[in-house]
> 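Sharing a structure, written as structure tokens. Questions coming.
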Protein chains: 2
Amino acid sequence: MRNNTMGSLIWLRLMRFANQSNQLSNEFLKRFDLTTAQFDVLAQIQVYQPITQSELAEKVVVTQGGISRMLARLEKESYIVRKQEWKTKTISLTEKAQAVLEEALPAQLMFQSSFFEDVLTKEEEKQLYKLITRVHKHSQQKKFPPE
Amino acid sequence: MRNNTMGSLIWLRLMRFANQSNQLSNEFLKRFDLTTAQFDVLAQIQVYQPITQSELAEKVVVTQGGISRMLARLEKESYIVRKQEWKTKTISLTEKAQAVLEEALPAQLMFQSSFFEDVLTKEEEKQLYKLITRVHKHSQQKKFPPE
DNA sequence: CTAGTTTACTTGACTAATCAAGTGATTGTG
DNA sequence: CACAATCACTTGATTAGTCAAGTAAACTAG
């Protein structure tokens with residue numbers, strides 16, 4: 001019926017795994033009162049602060065509108081401050097966010113790693129990273145799929 | 001600064017790729033007037049119809065509430081019909097959905113495959129599938145992360 | 001036969017995203 | 001100098017999902 005190709009099988013697996021691990025990550029981060037999306041944004045800000053909204057949007061691969069809303073939420077929870085500077089808004093972390101990240105970041109890195117370390121050898125991890133990186137980079141070139 | 005582990009690097013790549021390819025898939029399916037999520041649900045119904053809502057929710061890994069809303073949308077667009085049977089609602093595809101899928105399904109399978117076929121050898125595809133399957137299965141066991 | 005439990009589904013409040021249209025400074029250019 | 005274009009950001013409408021509380025049918029006692 002559905003003569004699945006190898007590629008479509010990989011795709012399904014990948015999507016289901018991404019979904020699943022995202023949910024588990026949300027569950028995990030609940031103890032820090034964060035969602036995966038919020039953590040991702042805060043971690044990027046920490047690395048690149050001070051940063052403008054549009055730059056940040058690019059880093060986390062979200063539209064301008066998306067980042068605007070996300071930052072509005074994060075500001076309401078006083079994780080970040082936005083300073084109007086010229087026409088640009090410059091974003092940086094508050095003490096609160098800094099403190100939360102200090103705990104959450106290493107924990108989350110461990111958590112993420114555990115998905116792979118528990119079942120793959122060092123060699124296999126490297127192999128997987130190599131393959132997924134190649135696939136990812138290729139997909140970025142793909143921007144405009146042929147009609 | 002961020003002493004990233006191999007695992008956390010893989011995770012980031014995987015998530016960004018899942019995100020990216022999901023967006024591209026949405027763009028691709030626009031010609032059929034479908035989103036990736038809708039396509040996924042319709043394809044599952046096609047395989048398993050007639051099926052109940054709760055069974056379907058499990059297949060596509062979404063909550064009861066989520067599937068309820070999704071099916072309400074699909075019904076409004078008359079892609080599916082829901083027949084109350086006892087206390088259960090049995091779902092099946094309409095002619096319209098059947099016709100759309102006939103075109104969309106092979107196209108989408110091709111599209112998904114192209115992410116991998118273009119950059120990996122047959123051998124590497126098998127390797128990637130093996131690794132991601134192991135990782136995915138492991139994540140399903142993981143259901144309740146340790147406190 | 002009525003009361004309580006379970007099952008299947010819905011719904012309200014929320015997070016997170018998209019697109020497209022709108023706002024409001026800053027920067028050309030005639 | 002004024003008008004248009006551009007840039008950075010916001011916002012309304014919509015899709016897609018979550019959780020938790022609610023409804024209604026169908027079983028399961030006492």
Side-chain angles (χ1 to χ4, degrees), chain A residues 15-16 18-30 32-42 44-45 50-77 79-91 143, chain B residues 15-16 18-30 32-42 44-45 50-77 79-91 143:
Chain A
M15 287 320 216
R16 298 277 191 248
N19 203 45
Q20 172 108 40
S21 70
N22 195 57
Q23 272 170 45
L24 289 172
S25 165
N26 274 323
E27 228 171 291
F28 177 75
L29 288 173
K30 212 169 271 171
F32 302 111
D33 240 313
L34 288 174
T35 65
T36 308
Q38 289 166 357
F39 174 87
D40 191 17
V41 170
L42 290 179
Q44 291 299 317
I45 299 174
I51 188 177
T52 67
Q53 290 200 192
S54 1
E55 284 164 352
L56 188 55
E58 242 178 88
K59 298 276 180 208
V60 295
V61 194
V62 146
T63 57
Q64 285 267 0
I67 209 72
S68 177
R69 288 184 151 76
M70 172 57 83
L71 291 176
R73 279 189 294 266
L74 288 175
E75 194 170 43
K76 205 177 61 189
E77 305 286 333
Y79 283 118
I80 59 153
V81 281
R82 289 194 277 188
K83 250 177 292 177
Q84 187 83 38
E85 219 156 84
W86 286 10
K87 61 185 163 180
T88 309
K89 291 198 174 172
T90 304
I91 297 136
K143 273 286 166 197
Chain B
M15 287 320 218
R16 297 277 191 250
N19 203 44
Q20 172 108 41
S21 70
N22 195 58
Q23 271 171 45
L24 289 172
S25 165
N26 274 323
E27 228 172 289
F28 177 75
L29 287 173
K30 212 170 269 172
F32 302 111
D33 241 312
L34 289 174
T35 66
T36 308
Q38 290 165 357
F39 174 87
D40 192 17
V41 171
L42 291 178
Q44 292 298 319
I45 299 174
I51 188 178
T52 66
Q53 289 199 192
S54 1
E55 284 164 353
L56 188 55
E58 242 178 90
K59 297 277 180 209
V60 296
V61 195
V62 146
T63 57
Q64 285 266 1
I67 209 70
S68 178
R69 288 184 149 79
M70 172 57 84
L71 290 174
R73 280 189 295 268
L74 288 175
E75 194 170 43
K76 205 177 63 190
E77 304 285 333
Y79 283 118
I80 59 153
V81 282
R82 288 194 276 188
K83 249 177 291 176
Q84 186 83 37
E85 219 157 86
W86 285 9
K87 61 183 162 180
T88 310
K89 290 198 173 171
T90 304
I91 297 138
K143 273 286 167 195

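Proteins get letters first, then strands, A, B, ... in listed order; numbering begins at 1 in each. Owing to the predicted nature of the structure, the values given are computational and were not obtained by experimental measurement.
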> Could you state the CD-P distance from A/Q20 to D/dG17, rounded to the nearest angstrom?
15 Å
> Can you tell me the distance, in whole Å, between the CG atom of B/L34 and the C1' atom of D/dA16?
15 Å
> Using a heavy-atom cut-off of 4.0 Å across all strands, would you classify B/S54 as base, sugar-phosphate, or nothing?
sugar-phosphate
> Between D/dT15 atom P and B/E75 atom CD, what is the distance in whole Å?
15 Å
> Listing time: all N or O pairs from protein to nucleotides 14-21 of chain C that are below 3.5 Å?
{"from": "C/dA16", "atom 1": "OP1", "to": "A/T35", "atom 2": "OG1", "distance (Å)": "2.1"}
{"from": "C/dA16", "atom 1": "OP2", "to": "A/Q38", "atom 2": "NE2", "distance (Å)": "2.9"}
{"from": "C/dA16", "atom 1": "OP2", "to": "A/R73", "atom 2": "NE", "distance (Å)": "3.1"}
{"from": "C/dT18", "atom 1": "OP1", "to": "A/T63", "atom 2": "N", "distance (Å)": "3.3"}
{"from": "C/dT18", "atom 1": "OP2", "to": "A/T63", "atom 2": "N", "distance (Å)": "2.9"}
{"from": "C/dT18", "atom 1": "OP2", "to": "A/T63", "atom 2": "OG1", "distance (Å)": "2.4"}
{"from": "C/dT18", "atom 1": "O4", "to": "A/R69", "atom 2": "NH1", "distance (Å)": "3.3"}

> Using side-chain contact (heavy atoms from CB on, under 4.5 Å), reason through B/D33 and B/Q38 one step at a time and then give a plain yes or no.
CA-CA 10 Å; B/D33 241 312; B/Q38 290 165 357; over 6 Å; no
> Give the rounded distance in Å between these two atoms: CD of B/E58 and C1' of C/dA8.
13 Å
> Output the rounded distance in Å from CG (A/L56) to C1' (D/dC9).
13 Å
> Only pairs under 3.5 Å count here: list side-chain donor-acceptor contacts from residues 58-74 of chain A, not counting sequence neighbours, and write none if there are none.
{"from": "A/T63", "atom 1": "OG1", "to": "A/G66", "atom 2": "N", "distance (Å)": "3.2"}

> Which is it for B/Q44 and B/L42 under the side-chain contact (heavy atoms from CB on, under 4.5 Å) test, yes or no, and what are the steps along the way?
CA-CA 5 Å; B/Q44 292 298 319; B/L42 291 178; over 6 Å; no
> Listed by chain and number, what are the side chain to side chain donor-acceptor pair (under 3.5 Å) partners of A/E77, not counting sequence neighbours?
none
> According to side chain to side chain donor-acceptor pair (under 3.5 Å), who are the partners of A/N26, at least two apart in sequence or on a separate chain?
A/T36
> What's the spacing between B/Y79 OH and B/F39 CZ if we round to 0.5 Å?
12.0 Å
> Rounded to whole Å, how long is the line connecting atom CD of A/Q53 with atom P of D/dT11?
11 Å
